[in-house]
> 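Structure below; questions to follow.
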Amino acid sequence: MFKTKISKVLGVVLTAAMVLSMFAVATPVAAANQDWSKVSLPGSGATGGYVVSAPGARFDNIGILEWNADKTAVYATAEYDGVASVFKSTDAGRTWKMLTIPTVTGNIIYDFVASSVNANELYFTDGREIFTSKDGGATWNNLSNVFTWAVANTWTTPPVSGTNLIVTLDIGYAGANKYVFAGTAQFGTVGTGNGVFMCQETAFGMPWSDLAIDTQRATPWAAGCSVWDVVVDPTDFAVRQGVMAVATAAGNTVITAKYFGNQWNQTATCDDTQVQMDNTTPITDVLHAELWLPSDFSSSLTSGKFQAWLAIQTLGGHGDVYLWYGSANSATTPKTIDLNVRGLGTETEVTDIDGIGGVADAKLIIGGYDNAVNNIPMVLNSSDRLTFSANSKRPTGAESTWGLSVATVTVLAMADYNTSGKALAGTAGWDCGVSYTADFGKTWNTISMMRQVIHSVENIAGSLFVVTNDFSGESVWRIVNGVTERVFSSSLIGGSFNQLDVQVSPAGDAVFIADLGGVNIWRSLDNGQIFTKQISDIIAAGGSSINSWFVSNANTILVGETDAVYQTSTNGVLWFARPCVIGNITSFAVSTDGSVLVAAGSDSKISKSIDGGVTWSTATAATTVTSSVPVVTFQNGSNSVVYLTGDGGNVYKYDFAATTPAWSELGATAPVQNFDWAATSAVVNGVGIFSGIASGGSVLYVLDANAVADGLSRFTMVGTTSYAGSVTTPGTAVGSKLIGIAAPGANMLYGIFGAELYVYTDKMAVPVANVKLTSTVDSVKVTWDALVVDNTAVTVKYFVVVTAEATAYKVAYTVPVIATELNQKNGITTLSATFKDGVSGFVIDTDTVYQVSVWAVSPVMSFVGTASVSTQPEKLTYNFNLMPTNGAINIPIKPVFAWDSVSTAVSYDLILSTDPTFADATKVLATKNLTTNYWAYDGTLTNSTSYYWKVRVNTANSTSEWFPAVFTTVKADAAPVEVNNPPAITLTVPQAETPAYIWLIVAVGAVLTVAVIVLIVRTRRVV
C-alpha cells in the first residue's frame, strides 16, 4: 500500500542516471519592469502542475512514490477528487501530470513498481488486477489475472479476488525472460488462498505459478498466511532464482526465501527468520511491510552482505524497523534486530523505508507515526543504519481515509540522497501533500499535491514570503529564485488561530509569523525552515491581542494596541507595555540605519522612539485629513523624514529634524513652471507605502485601494520638489498590500490585488545618462544615452528643458508647438534635441550659459540628467581684420600678427602651422594664448613658403569659432656680386709689321665714307 521500491537489474549491470537540477524548475517570478507582472503562485489541475488542490477536487492518500529505471521520472499514486490516480513528474516532484489509467476497483492502488531495465515499463495493482504500461504510463494493459488463472487451472486452494488482495509486486529478469511476482494478503487474518505467485510475462498466455510459500517447506503453514512483501534477489536472480518474502503465518511474522527453485526455508541457502518486537514478542497483526535491500546486497551466506532492513506497520503498536541477516539457522545469533528507532519502549509504526548506499555506508529514511499520536506523520533518518533521528519539522498530513485512522507516510530518496540529503515524502489525510527535504529528513517543506487550496493572498513580506488562505486553513510560502515551497501551515499550530501574518527583519536574519487577533508569534532564524513559538506573549504585559505588529530586528518586536506599544527585545522572553498616545496604533516603520522607530495611529499622529521602542516621544500634530488606519514609512536613507498615507487619502511628509517640524502634503503646491508636473497625488485610500533607492533623489510609492484610482502613485523626490506619476492597477481588482525591496535603480515592489500577487520592477529611478551639449551662437544641441528598460514593447519618452543659468528662467522645452502643450509633458523618442533661436518661440541668446535637464517621462519619470553649455559670442567676420590677411603674399619672414580687438574678450588663442589642417602637431610653429590683439613672431620664416594661422576669441562665458587665414612669405632678393681688385698687371706687347690687307681695308673704308657724304649733300640741295 505504501511500498517504495525499484527492483534492480538481475544479471545485467545498470548504471542509473542521476537527476540533474531537480529543484530549480518552478515557474520563475515574473520580473518585468515599469509594469505589473503576475507572480506565479502554486497552481492546481493539469495546467497548474497539480501543486495545490482545486476547490472540490482535493488530494488525499498519497500512497507510493517510485522512480523509473533511469531516474528521469517519479511516479506517485494518490487519491484526487475521490478517485485513485497515478501521476508522473519529470522535475522530481515539483509538478505533476495525471495519467489516464484503467478503473481502479476499491479505489486503492496497493502497489506500484517500475521496471529496473526499461524506463518506460510500469506495473500497478488494485488488489484484483495487475496493469502494465510499456510507454511511461501513456497507455495501460491488463496482465494475466492470477485469480482467473488459478480457477481455470484448478489450483488446489486458489486465491479469491477481493478476499485475497494483491498487496505487493516485483519484477525479475533472467536473460530474455521476464517474471512478475505477486503476493496476496488478508488484513487482520491469514488464509490458505494467500501466497506468492509468479507470471512469466514473456511466455505465451502469461502463465501463472503458485510458488506455494505455505506448503513447500519442511513444516507447512496449515492455516495459510498473508504475504506483505515480495522481493526478488537483486544481484543474481538469473542464476539463483532467489525470491524473498515477508509473511505472517503460524503465529509469527517471518522473512522467508527460496533459491534455485527449491522449497522455502532451506538452511543451505536461507532459512526463515522470525520478526519479533524487542526481539522477544511475536508479531501477528501486520498491516504493511517493506523490505529494503542495500545496493551491494549479496545472498551468499559467506559474503557478509546478506543484509536488509525491514519496515513494519501493524494494527496493535508493534511496528518498527528491523535489521535482517539472511543466514543459516543459529540458536545463539539473532537474525533480526529490533532497532527501536525512537528508543526502547516507544514503538513506531513505520509505513515506508528507503535509502541510498551499500551495507556499510547506506543512509536510510523512514516514514510513519507515533502510536500515541497516530494522526501525526513523522520522518526519521539514519546515517549509521542502526540509530535514527526524528524530524524537527514534520511533513503535514493526518489520518488516511483508506479506513485507517492513522497517518501514513511514503518516502523516496533522491539519487544523491547519501550526500545531498534530498528526499520526498508523501502523506495522507487533511493537509496532505508531497514534501521535500534537503537535510536528510530533519525539516520538510510541502511542494506539491497539496490538499490545501489558494483562495486568497493575505500578506507578503521580505523577498519573498506569502500568506494564502484556504477558507479554514492558511499557508506561508517561501519563493526563492522562482522555486516555491510551503514553509508553514496552520495545521502545524496544533490549535485554533485567527489570521496569519508574516514579516522579515530589516536585516533579513529572521522571519516571523504572527496570529493577528491572537497573541502567538513564531520565529525562524534559518529563512523560514524551522519556526519556533515564543515562550510568552503580550498577555503577560497586559495586552489582549495583536492589532498591528512590527519586526525591528531578530529579537525586537513591537505590537500595537490603543495608545500603547507592547515591546520585547528578547523575542518574547519578556514583554513590556510602553505608552504611545496616538490612538489605535496601526503601523510601524524603522529608519534605514535602524536607529529610529516611528508609530502611526488612528489619531493621524505619529510618535518616534530612539531606544528600540522603550520610550516614545510626544505625538506630532495630526495630518490635515484624518485616517483611521494610517500607514507610515521612512524616507530611504533618512532617520528623520517620514511619509504617511491612509484611508483618509493624500500623502504627507514630516521631517523630525526640520527647524519647525510640520506636516506637508505632497503635491499641494502649484507648480512654478508648466513643466514642473501637476505634482498632485490622487491617493484616495492609501493602504501601502514604501520609499525606494534612487540615483539623484528618492522615490516614494503609495498603493491606493480606491476602485477608481490608478493603483500605484509614484513620487519622484528631487530636493524639496516632488513629481507625481502613476502606474495602472493590473486587472480590475484593487490593491490591498504593498511591500518593497530597495535596490539602486531597480526597486522591486510586490502588491496584492484581489487574490493575486504581482511584482513591479522600477528601473527608471535613475538619471538619464551621458547628457552632452554642443552650441553655436544661436542654438543648443542636446544628446543623451537611452534609458535601458528591458520590457518588450515599452517605449521610453524623454523631455528636455533649457534654463538660463543666470536667471533660472526656463526658455525652451522639447516638442510643444503651442504654449498650451507645455503642461502636457509631451515626450520624444529620439536621443537628441536641438533648440534654435527663433524656432517654435525659443529665444537662445549669444554668449549665454544654459543649464539643460533631460528626463525620461514615460512609462514613468526618471531622474534628471543635466549639463551646462554656453552659446558662442556673436559671430565675427573677416572684417575682424586679420593681418596678414587671408591669401596675402610677400609677407616678411619676421611677421607681426594682428586683428581687431573684441571688447568682451578675456583672451585670444592663436596657432601658426605649415599644415592647413592644423592636425599635424610636428608642423605647428606656435600656439599662443594672448591677452593682446597682436603678436610678433619671434623666429624667422622661410621665403616663398605658405603658412597657415588662425585665431579665436575667448569670453567669460564661451569661445568663438576659429578664424583661419593663409599667407606666403616674400621671395628672396638677387644676391650682390662682390669684386676683389687684383694686383696691377704689366703686359709687354711685341712689335710687328702691319699686314698689307689691313691697309687695303682702311683705304676702302675711306672711299666709302666720301661717297656717302656726297650722296647726302645732293639729296638735300634746293632746286
Side-chain angles (χ1 to χ4, degrees), residues 772-783 805 832 834-839 842-850 852 867-976:
K772 293 182 178 180
L773 307 171
T774 57
S775 67
T776 65
V777 294
D778 62 352
S779 68
V780 174
K781 181 178 181 180
V782 191
T783 62
E805 189 172 75
S832 67
T834 300
F835 302 91
K836 190 171 180 62
D837 184 49
V839 177
F842 300 152
V843 177
I844 305 296
D845 292 329
T846 60
D847 201 13
T848 303
V849 179
Y850 290 100
V852 178
S868 292
V869 70
S870 176
T871 53
Q872 296 177 7
E874 182 176 358
K875 186 174 182 178
L876 303 176
T877 67
Y878 285 109
N879 292 331
F880 192 38
N881 291 327
L882 298 181
M883 296 179 294
T885 60
N886 187 38
I889 60 174
N890 296 324
I891 300 303
I893 57 177
K894 288 183 176 292
V896 173
F897 299 90
W899 53 89
D900 285 350
S901 174
V902 177
S903 60
T904 57
V906 295
S907 67
Y908 305 92
D909 294 326
L910 180 147
I911 300 176
L912 176 63
S913 177
T914 59
D915 176 15
T917 67
F918 298 92
D920 190 344
T922 64
K923 295 182 179 181
V924 173
L925 304 181
T927 300
K928 295 293 182 179
N929 177 259
L930 306 164
T931 57
T932 62
N933 62 321
Y934 59 87
W935 174 66
Y937 182 59
D938 50 5
T940 300
L941 303 180
T942 303
N943 293 96
S944 300
T945 302
S946 293
Y947 290 93
Y948 304 88
W949 72 292
K950 60 182 180 178
V951 68
R952 67 182 179 185
V953 182
N954 299 315
T955 69
N957 295 323
S958 63
T959 298
S960 74
E961 63 187 69
W962 287 101
F963 298 94
V966 60
F967 65 88
T968 304
T969 52
V970 66
K971 293 181 180 180
D973 292 337

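These figures come from a predicted structure and were not determined experimentally.
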> Just verifying a value: how many Å separate Ile911 CD1 and Tyr948 OH, rounded to the nearest 0.5 Å?
15.5 Å
> Compare all side-chain heavy atoms of Phe842 with those of Val780 and state whether any distance is below 4.5 angstrom.
no
> Between the side chain of Thr945 and the main-chain N/O of Asn943, is any donor-acceptor distance below 3.5 Å?
yes
> What distance separates Ile889 CD1 from Ser946 OG, expressed to the nearest 0.5 Å?
10.5 Å
> Using only heavy-atom distances, determine whether the side chains of Thr834 and Lys781 contain a donor-acceptor pair under 3.5 Å.
no
> Taking all atoms of both residues into account, what is the closest heavy-atom pair of Asn933 and Ser901, and its distance?
ND2-N, 3.4 Å
> One pair to check against side-chain hydrogen bond (donor to acceptor under 3.5 Å, both in side chains): Thr940 and Lys894. What are the steps and the verdict?
CA-CA 5 Å; Thr940 300; Lys894 288 183 176 292; 2.8 Å; yes
> Does the side chain to side chain contact (heavy atoms under 4.5 Å, CB included) test come out yes or no for Tyr937 and Leu925, once each step is laid out?
CA-CA 10 Å; Tyr937 182 59; Leu925 304 181; 4.3 Å; yes
> Measure the shortest side-chain to side-chain distance between Thr774 and Val869 over non-hydrogen atoms and say whether it is less than 4.5 angstrom.
no
> What residues form a salt bridge (Lys or Arg N to Asp or Glu O under 4.0 Å) with Lys836, not counting sequence neighbours?
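If we apply the salt bridge (Lys or Arg N to Asp or Glu O under 4.0 Å) test to Lys836, skipping adjacent residues, the hits are Asp778.
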> Heavy atoms, side chains only, cut-off 4.5 Å: are Ser779 and Phe835 in contact?
no
> With side chains defined as the heavy atoms from C-beta onward, is the minimum distance between Val970 and Ile891 less than 4.5 Å?
no
> Rounded to the nearest 0.5 Å, what's the gap from CG on Leu941 to CG on Leu912? Could you check?
6.5 Å
> Which atom pair, heavy atoms only, marks the closest approach of Thr955 to Pro873?
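Looks like CG2-CG, 3.5 Å.
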> Quick one: are Val924 and Phe918 in side-chain contact, heavy atoms under 4.5 Å?
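No. Closest side-chain heavy atoms not under 4.5 Å.
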> Between Asp909, Asn954, Asp847, which is the residue that forms a side chain to side chain donor-acceptor pair (under 3.5 Å) with Thr959?
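It is Asn954, the one option of Asp909, Asn954, Asp847 that forms the side chain to side chain donor-acceptor pair (under 3.5 Å) with Thr959.
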> Please name the pair of heavy atoms, one in Val906 and one in Thr931, separated by the smallest distance, quoted to 0.1 Å.
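The pair with the smallest heavy-atom distance is O-CG2, 4.2 Å.
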> Tell me if the centroids of the rings in Tyr908 and Trp899 come within less than 6.0 Å of each other.
yes
> For the atom pair CG (Asn957) and OH (Tyr850), what is the distance rounded to the nearest 0.5 Å?
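Nearest 0.5 Å value for the CG-OH distance: 10.5 Å.
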> With rounding to the nearest 0.5 angstrom, report the OG1 to CG distance, Thr969 to Asn890.
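The OG1 atom of Thr969 sits 8.5 Å away from the CG atom of Asn890.
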> Could you go step by step and tell me if Thr914 and Tyr947 meet the side chain to side chain contact (heavy atoms under 4.5 Å, CB included) rule?
CA-CA 5 Å; Thr914 59; Tyr947 290 93; 3.7 Å; yes
> List the atom of Thr848, the atom of Thr846, and the distance in Å for their closest heavy-atom pair.
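Scanning both residues, the minimum pair turns out to be OG1-O, 2.8 Å.
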> Specify the closest pair of heavy atoms between Glu961 and Gln872, including all atoms of both residues, with the distance to one decimal.
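Heavy atoms of Glu961 and Gln872 come nearest at N-OE1, 3.9 Å.
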> Drop me the distance from Ser958's OG to Arg952's CZ, to the nearest 0.5 angstrom.
10.5 Å
> Quick check: does any side chain N or O of Asp915 sit under 3.5 Å from a backbone N or O of Lys923, one acting as donor and the other as acceptor?
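The answer is no, because no donor-acceptor pair under 3.5 Å joins these two groups.
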> Looking only at heavy atoms, what is the nearest atom pair of Leu882 and Ala965, with distance?
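Shortest heavy-atom contact: CD1-CB, 4.1 Å.
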